[in-house]
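Each residue takes its place number in the sequence, starting with 1. Atoms within each ligand, like the ligands themselves, are counted from 1 in listed order.
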Amino acid sequence: MGKASRDKRDIYYRKAKEEGWRARSAFKLLQIDEEFNIFEGVKRVVDLCAAPGSWSQVLSRKLYLPAKLSPDSRDNDLPLIVAIDLQPMAPIEGVIQVQGDITNARTAELVIRHFDGCKADMVVCDGAPDVTGLHDMDEFVQSQLILAGLTIVTHVLKEGGKFIAKIFRGKDTSLLYCQLKLFFPVVTFAKPKSSRNSSIEAFAVCENFSPPEGFNPKDLYRLLERVGSPSGADDLDCSSGWLEGANKVYIPFLACGDLRGYDSDRSYPLPKDADGTYQSLDPVQPPIAPPYKRALEMKKASSHGIKDLEKPSSDS
Ligand code: SAM
C-alpha cells in the first residue's frame, strides 16, 4: 500500500505526520486525556514500551516543555519523564531513555533508580507484542506486559497516582479488571476514537493508586492469583465477588475523544494542492533500529543476487 493511500485510509496516520508525532498512537493518549484529564498535577512519569516515542512526545509537549519555557522554571524542578523500550529510540527533549525488557527485573530496577527515592505520579504503558492474530495468544502475551507494568507500578507509583495501560479485550477482561481494582478504586476501560473498532485494543485508565493495606510488592503474583481462584475471590475486596454468572462484574467502558471528530475506521479524501496533486509527508521519525531491519536487508540483498545472507550485520 502506497503512502498516499494509507494517508487516505488512515486519517490519524496523516494527521500524526502533519502535527509532527512519530506515531498515530499519540492521539490515543491525547484523547484519553480529553476524557480523564490525566496530566493534571503530574510531574514525574514512566512511559513503558515507549518506542518510537509518540507518547513520550505527548508527555514532553504537555509536561516538560511548558515547564521549561515558564519564566519561573528551575532546572532542578523540571518534570521527569523516563521512557523504556526494547528498541532504541531517537532522543526527545526532556525524556530519559532506558533500553530494556520491562518483564525483566533489572529493567524495573533501572527505572526505579532514576526516581531516586521520589515516586512517579503516573505510569503509562502502551506495550504490545507482535500480534499473531490468535486472540487468546495475543491476549495472554499482552497480559504479561500489563503484569510487568503493574510490577513497576507497585514500586514506583505514589499513592493516589495513575496507571494507563493498553489491554486487549478478551475473555479474561473481567479478571483483569478485578485485579486492577485491587490497587485502584477507580478503573475504567476506554476506547479512544483513534483506536480502530476493528482492533481488540482498549486502555485501562486506573486512578488513585491505593495498594491493599500491608501490601508488599513481593506478594503481587500471589495476590493476583487469588482473585482468579473461586476460594480467593470472596475474601478480597474486589467488586466482582464472583466472576461468572449473575454477579459478573460490570466494567465501566467508555469511548473517548471528540465523538464528532475523525473516525479511525473511515477513509477521508486527501487535501489537494492548487495544481490538484496531493503531497504525502515523510514519517516524522523513522525507527532507528526496527526489528524488521535485518529482514529488509536480506530482501534487498537477495534482489541483488547476493547469496551469503547468513552473517548478521554488525549493528543488527
Ligand atoms: N507508545 C508508543 C508510541 O507512542 O510511539 C508505541 C508503542 S508500540 C505500540 C509497542 C512497543 O512495545 C514496541 O516499541 C515494542 O518494542 C514494545 N515492547 C513490547 N514488548 C516489550 C517488552 N517486553 N519490554 C519493553 N518494550 C516492549
Side-chain angles (χ1 to χ4, degrees), residues 10 12-13 15-17 19-33 38-39 45-64 81-112 114 122-132 137-153 156 163-168 190-192 194-196 199-205 257 264 283-295 316:
D10 188 337
Y12 286 102
Y13 172 77
K15 290 274 161 212
K17 291 193 290 182
E19 293 179 23
W21 304 114
R22 292 179 181 183
R24 63 192 294 294
S25 318
F27 294 108
K28 300 174 191 169
L29 192 61
L30 290 167
Q31 291 173 349
I32 290 170
D33 178 50
I38 53 174
F39 299 122
V45 195
V46 182
D47 182 5
L48 299 172
C49 303
S54 75
W55 280 26
S56 289
Q57 284 183 292
V58 171
L59 296 169
S60 172
R61 289 191 200 178
K62 287 274 182 187
L63 305 174
Y64 182 83
I81 303 166
V82 181
I84 304 101
D85 202 285
L86 287 170
Q87 310 296 333
M89 73 188 196
I92 297 172
E93 189 170 1
V95 177
I96 297 170
Q97 289 185 38
V98 175
Q99 194 180 345
D101 181 344
I102 65 159
T103 62
N104 182 320
R106 243 191 66 74
T107 312
E109 279 163 23
L110 282 174
V111 175
I112 294 160
H114 277 290
M122 179 161 77
V123 176
V124 296
C125 178
D126 188 27
D130 289 334
V131 174
T132 64
M137 172 78 164
D138 292 337
E139 193 192 348
F140 173 78
V141 181
Q142 182 66 21
S143 64
Q144 295 308 301
L145 288 181
I146 299 169
L147 183 58
L150 192 58
T151 307
I152 293 177
V153 160
V156 297
F163 177 42
I164 320 290
K166 169 145 69 199
I167 62 158
F168 283 173
K191 181 82 172 169
S194 49
S195 173
R196 293 189 195 92
S199 158
I200 57 170
E201 157 193 277
F203 293 85
V205 181
S264 48
V284 172
Q285 172 64 60
I288 51 180
Y292 49 82
K293 186 175 168 202
R294 176 77 184 133
S316 61

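- In terms of protein heavy atoms, atom 23 (N) of ligand 1 is closest to Asp101 OD1, 2.7 Å.
- For Ser56, no heavy-atom contact with ligand 1 is shorter than 4.0 Å.
- Of the candidates Leu86, Asp130, Asp47, Asp85, it is Leu86 that places a heavy atom closest to atom 21 (C) of ligand 1.
- Residue nearest to atom 27 (C) of ligand 1, selected from Cys49, Gly127, Gly149, Pro129: Cys49 (by heavy-atom distance).
- Of all atoms in ligand 1, listed by their number and element, those nearer than 4.0 Å to a heavy atom of Ala128 are 10 (C), 12 (O), 19 (C).
- In this comparison of Ala51, Ser25, Gly100, the heavy atom closest to atom 7 (C) of ligand 1 sits on Ala51.
- Relative ring orientation between Trp21 and Phe27 is described as perpendicular, the plane-to-plane angle rising above 60° on a 0-90° scale split at 30° and 60°.
- You'll find the side chain of Pro192 stays beyond 4.5 Å of the side chain of Glu201, heavy atoms only.
- For the residue pair Cys125 and Leu145, the shortest heavy atom distance occurs at SG-O, 4.5 Å.
- For ligand 1, the atoms closer than 4.0 angstrom to any heavy atom of Gly53 are 3 (C), 5 (O).
- Atom 24 (N) of ligand 1 has as its closest protein heavy atom Ile102 N, 2.9 Å.
- Ligand 1 places these atoms under 4.0 Å from at least one heavy atom of Pro52: 5 (O).
- For atom 1 (N) of ligand 1, the closest non-hydrogen atom on the protein side is Asp126 OD2, 2.8 Å.
- Side-chain atoms of Gln97 come within 3.5 Å of backbone atoms of Ala90 as a donor-acceptor pair (strictly under, hydrogens ignored).
- Between Ile200 and Glu139, the closest side-chain pair of non-hydrogen atoms is not below 4.5 Å.
- Short contacts between ligand 1 and Ala50, defined as distances under 4.0 Å to a heavy atom of the residue, involve ligand atoms 2 (C), 3 (C), 5 (O).
- When Val58, Leu145, Asn104, Ile84 are checked for heavy-atom proximity to atom 20 (N) of ligand 1, Leu145 turns out nearest.
- On a distance-only criterion, Ser54 and ligand 1 share at least one N/O pair closer than 3.5 Å.
- Pairs engaging residues 83-105 under the salt bridge (charged side-chain N to carboxylate O under 4.0 Å, His left out) rule: Lys68-Glu93 [sequence neighbours left out].
- Other residues, nucleotides and ligands contribute at most 12 non-hydrogen atoms within 6.0 Å of the NZ atom of Lys62.
- Taking a cut-off of under 4.0 Å to the non-hydrogen atoms of Gln87, the atoms of ligand 1 that pass are 16 (O).
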